[in-house]
Amino acid sequence: QVQLVESGGGLVQPGGSLRLSCATSGFTFSSYSMSWYRQAPGKERELVAYMSPTGIITNYADSVKGRFTISRDNAKKTVHLQMNNLKPEDTCVYYCNTKVLGVEYWGQGTQVTVSS
């Protein structure tokens, strides 16, 4: 069974940094693209960052370009999101996502709160 488990969220001041992690199991991690999404209260879920199986191709939402970096460790079957220069508008629940054999899978989410 496919499992995605996020961690690393928390409370941080504006301008601070956090590193999110998504531990995976139940599928051939190195064969699949991985993504991070986020959702704020009252807003729709949005794609934050994407990475191809080997990490050669990445894509970021305009709102986080230059501040967030997605990375993956295929040996550890883990994907990370380094979040720098955080802003209050980054306050969201962040979700790890992948599609395996045509089926979407999501983690339970981890809360990121940016506040002074």
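In this chain, residues are counted from 1 in sequence order. What you see is a predicted model; the values in this text were computed from it and never measured.
Val100 and Tyr95 are members of different hydrophobic clusters when ILVMFWY side chains are connected at heavy-atom separations under 4.5 Å. Linking ILVMFWY residues whenever their side-chain heavy atoms come closer than 4.5 Å, directly or via other members, places Leu20 and Leu86 in the same cluster. Note: the hydrophobic cluster containing Val79 does not contain Ile57 (ILVMFWY, side chain heavy atoms under 4.5 Å, direct or indirect links).
For Tyr60 (side chain) and Leu47 (main-chain N/O), no donor-acceptor pair under 3.5 Å exists by modelled atom type. Between the side chain of Thr113 and the backbone N or O of Leu11, no donor-acceptor pair lies under 3.5 Å.
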Let's go through Val112 and Met83 carefully: what are the C-alpha distance in whole Å and the side-chain angles of both, what is the deciding distance for side chain to side chain contact (heavy atoms under 4.5 Å, CB included) to 0.1 Å, and is it a yes or a no? CA-CA 10 Å; Val112 172; Met83 310 165 66; 4.1 Å; yes
After noting the C-alpha distance and the side-chain angles of Gln3 and Ser25, does the key distance pass the side chain to side chain contact (heavy atoms under 4.5 Å, CB included) rule? CA-CA 5 Å; Gln3 292 187 334; Ser25 62; 3.6 Å; yes
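Of all heavy-atom pairs spanning Gln108 and Val5, the tightest one is OE1-CA, 3.7 Å. Met34 approaches Thr24 most closely through the heavy-atom pair CE-CG2, 4.1 Å. The two residues Pro14 and Ser116 come nearest to each other via the heavy atoms CD-N, 3.7 Å. Here the closest non-hydrogen pair linking Ser52 and Ile56 is OG-N, 3.3 Å. The minimum heavy-atom distance between Ser30 and Arg72, with the atom names listed, is CA-NH2, 4.2 Å. Shown here for Ile70 and Met51, the closest heavy-atom pair between the two residues is O-CE, 3.1 Å.
Counting heavy atoms from C-beta on, the side chains of Pro53 and Ser33 come closer than 4.5 Å. Here the side chains of Gln13 and Ser115 are not in contact, with every heavy-atom distance at 4.5 Å or above. In this structure, Phe68 and Leu81 have side chains that are in contact, with non-hydrogen atoms separated by less than 4.5 Å. The closest side-chain heavy-atom distance from Thr110 to Val93 is not below 4.5 Å.
Atoms SG and CD, from Cys92 and Gln111 in turn, are 8.0 Å apart once rounded to the nearest 0.5 Å. Here the OG1-CG distance, from Thr69 to Asn84, works out to 6.5 Å after rounding to the nearest 0.5 Å.
Counting only N and O atoms by type, the side chains of Thr78 and Asp73 include no donor and acceptor under 3.5 Å apart. A side-chain donor-acceptor contact under 3.5 Å links His80 and Ser21.
Among residues two or more places apart in sequence or in another chain, the salt bridge (Lys or Arg N to Asp or Glu O under 4.0 Å) test is passed with Arg67 by Asp90. Listed by chain and residue number, nothing satisfies the salt bridge (Lys or Arg N to Asp or Glu O under 4.0 Å) test with Glu89 (two or more places apart in sequence, or in another chain).
Residues in residues 39-59 take part in these salt bridge (charged side-chain N to carboxylate O under 4.0 Å, His left out) pairs, two or more places apart or across chains: Arg38-Glu46. Within the structure, salt bridge (charged side-chain N to carboxylate O under 4.0 Å, His left out) contacts touching residues 5-28 (residues at least two apart or in different chains) do not occur. For residues 2-59, every residue pair satisfying the ring-ring contact (aromatic ring centres under 6.0 Å, His included) rule, not counting sequence neighbours, is listed here: Phe27-Tyr32, Tyr37-Trp106. Residue pairs meeting the salt bridge (charged side-chain N to carboxylate O under 4.0 Å, His left out) criterion with at least one member in residues 53-63, sequence neighbours excluded: Asp62-Lys65.
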